[in-house]
Amino acid sequence: MNHFFIHDTPIGELVLEANLNYLIKISFKDKVLNQFKTESINKKNLILEKTIEQLDEYFFNNRTFFTIDYLLTTTSFFKKVLEEVSLIEFGKLKSYKEIATILKNKNAYRAVANANAKNPLPIIIPCHRVIKSSGKIGGYGGGTINKRYLLSLENKTGNFH
């Protein structure tokens with residue numbers, strides 16, 4: 001049985017989902033509000049408690065990386081993309097095209113963008129650190145306002161269009 005917890009953050013309420021051993025998903029509450037049975041919400045377990053603690057440290061105390069065990073259930077290509085994205089350091093940026101090139105498929109930047117759009121663990125896997133090669137901010141599942149907030153939080157300011 002999975003456990004869910006709604007956690008309030010500076011970028012809105014996040015729905016955290018975990019099984020007994022792994023964090024499975026982080027969703028923006030406004031996008032998934034009607035998908036849960038009310039009796040399954042706000043049932044914490046150790047993984048959720050650790051996730052809440054580390055998210056709070058990220059937002060308020062300069063945590064720069066996460067040490068949460070998570071499980072990715074996606075295609076092998078998306079998994080490779082997200083694993084590469086997880087290596088982007090706090091305060092750094094990469095473009096979709098750079099990630100495609102690292103994965104030895106420089107023309108797959110749209111597929112890289114699609115993998116980022118379907119990232120089940122935003123913030124933990126920092127897809128907000130991926131931008132267009134033109135320097136424009138690109139999209140974000142939690143909205144571009146939240147993407148700008150996260151980049152600003154990490155002191156990565158710039159001219160994001």
Side-chain angles (χ1 to χ4, degrees), residues 2 7 9-19 21-32 35 47-48 50-161:
N2 289 351
H7 185 56
T9 73
I11 61 170
E13 291 181 315
L14 300 176
V15 179
L16 312 176
E17 179 181 353
N19 62 26
N21 301 307
Y22 300 103
L23 181 65
I24 297 171
K25 192 170 188 176
I26 296 176
S27 305
F28 292 88
K29 184 180 174 199
D30 60 337
K31 296 188 177 198
V32 296
Q35 296 179 11
I47 294 292
L48 289 176
K50 185 175 181 180
T51 302
I52 291 163
E53 178 182 328
Q54 290 190 20
L55 283 171
D56 286 348
E57 290 171 354
Y58 169 78
F59 283 113
F60 304 112
N61 297 321
N62 298 318
R63 172 176 277 278
T64 59
F65 64 93
F66 294 92
T67 59
I68 297 165
D69 294 327
Y70 58 79
L71 183 64
L72 288 176
T73 53
T74 186
T75 68
S76 63
F77 178 76
F78 278 21
K79 193 175 281 192
K80 286 178 187 173
V81 169
L82 295 175
E83 286 170 354
E84 191 60 41
V85 169
S86 73
L87 299 175
I88 303 172
E89 294 177 17
F90 183 93
K92 305 284 185 190
L93 298 174
K94 284 196 178 171
S95 71
Y96 302 107
K97 193 169 190 173
E98 284 176 300
I99 292 171
T101 301
I102 290 167
L103 296 176
K104 300 185 181 353
N105 195 347
K106 68 178 181 176
N107 295 321
Y109 56 90
R110 284 190 181 99
V112 168
N114 193 28
N116 273 278
K118 294 183 178 175
N119 177 6
L121 297 168
I123 306 168
I124 305 298
I125 299 176
C127 57
H128 61 277
R129 297 178 189 155
V130 185
I131 63 169
K132 294 182 175 186
S133 54
S134 67
K136 291 186 178 180
I137 194 167
Y140 186 62
T144 56
I145 291 171
N146 285 335
K147 185 171 184 173
R148 288 177 211 278
Y149 178 89
L150 294 170
L151 293 174
S152 176
L153 177 71
E154 296 183 9
N155 297 316
K156 193 66 186 175
T157 57
N159 187 18
F160 298 114
H161 306 286

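Nothing fancy with the numbering, it's 1 onward along the sequence.
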* Asked: So with a 6.0 Å cut-off around CD of E57, is the heavy-atom count from everything else above 12?
  -> yes
* Can you tell me how far the CG atom of L72 sits from the OH atom of Y22, to the nearest 0.5 Å? -> 11.5 Å
* **Aromatic ring pairing F66/Y58, orientation class (parallel under 30°, perpendicular over 60°, tilted between)** => tilted
* Salt bridge flag under 4.0 Å for residues K25 and E17 -> no
* To do: Considering non-hydrogen atoms only, spot the tightest contact between K79 and T74 and give its length.
  => N-CG2, 3.7 Å
* Considering non-hydrogen atoms only, spot the tightest contact between F78 and K118 and give its length. => CE2-CD, 3.7 Å
* If we only count heavy atoms from C-beta on, is the T51 to Y70 side-chain gap below 4.5 Å? -> no
* Structure fact -> Closest heavy-atom pair, A115 versus V81, reported as atoms and distance to 0.1 Å, is CB-CG1, 3.7 Å
* Show the numbers, then the answer: is there a side-chain contact (heavy atoms from CB on, under 4.5 Å) between I123 and T9? => CA-CA 12 Å; I123 306 168; T9 73; 5.9 Å; no
* Structure fact -> Tightest non-hydrogen contact, residues A108 and A100, listed as C-CB, 3.8 Å
* Asked: Between Y149 and F59, how do the two ring planes meet: parallel, tilted or perpendicular, split at 30° and 60°?
  -> tilted
* Asked: Taking atom types as modelled, is there a side-chain donor on N146 or H128 under 3.5 Å from an acceptor on the other?
  -> no
* **K147 side-chain N/O to I137 backbone N/O, donor-acceptor pair under 3.5 Å** => yes
* Asked: More than 12 non-hydrogen atoms from neighbouring residues, nucleotides or ligands closer than 6.0 Å to CZ on F77, yes or no?
  -> yes
* Would T73 and I24 satisfy side-chain contact (heavy atoms from CB on, under 4.5 Å), going step by step from the backbone distance to the final call? -> CA-CA 8 Å; T73 53; I24 297 171; 5.5 Å; no
* Could you grab the distance from atom CG of L14 to atom CD1 of I124, nearest 0.5 Å is fine? => 9.5 Å
* Asked: Crowded around N21 CG? As in, over 12 foreign heavy atoms under 6.0 Å?
  -> yes
* **Among T101, V85, V112, N114, side chain to side chain contact (heavy atoms under 4.5 Å, CB included) partner for Y96** => V112
* Asked: Closest approach of S95 and K132, non-hydrogen atoms and distance?
  -> CB-C, 4.0 Å
* To do: Could you grab the distance from atom NZ of K94 to atom CD1 of I102, nearest 0.5 Å is fine?
  => 3.5 Å
* From Y109 OH over to I99 CD1, what is the distance, rounded to the nearest 0.5 angstrom? -> 14.5 Å
* Asked: In Å and rounded to the nearest 0.5 Å, what is the CD1 to CG distance from I47 to N2?
  -> 12.0 Å
* To do: Indicate the atoms forming the closest heavy-atom contact of C127 with Y140, along with that distance.
  => SG-CE1, 3.7 Å
* Keeping the roles fixed (side chain from K50, backbone from T67), state whether a donor-acceptor pair exists under 3.5 Å. => yes
* Asked: Just how far is it from atom CG of L150 to atom CZ of F90, taken to the nearest 0.5 Å?
  -> 10.0 Å
* When you measure from the side chain of N119 to the backbone N and O of I125, does any donor-acceptor pair fall under 3.5 Å? -> yes
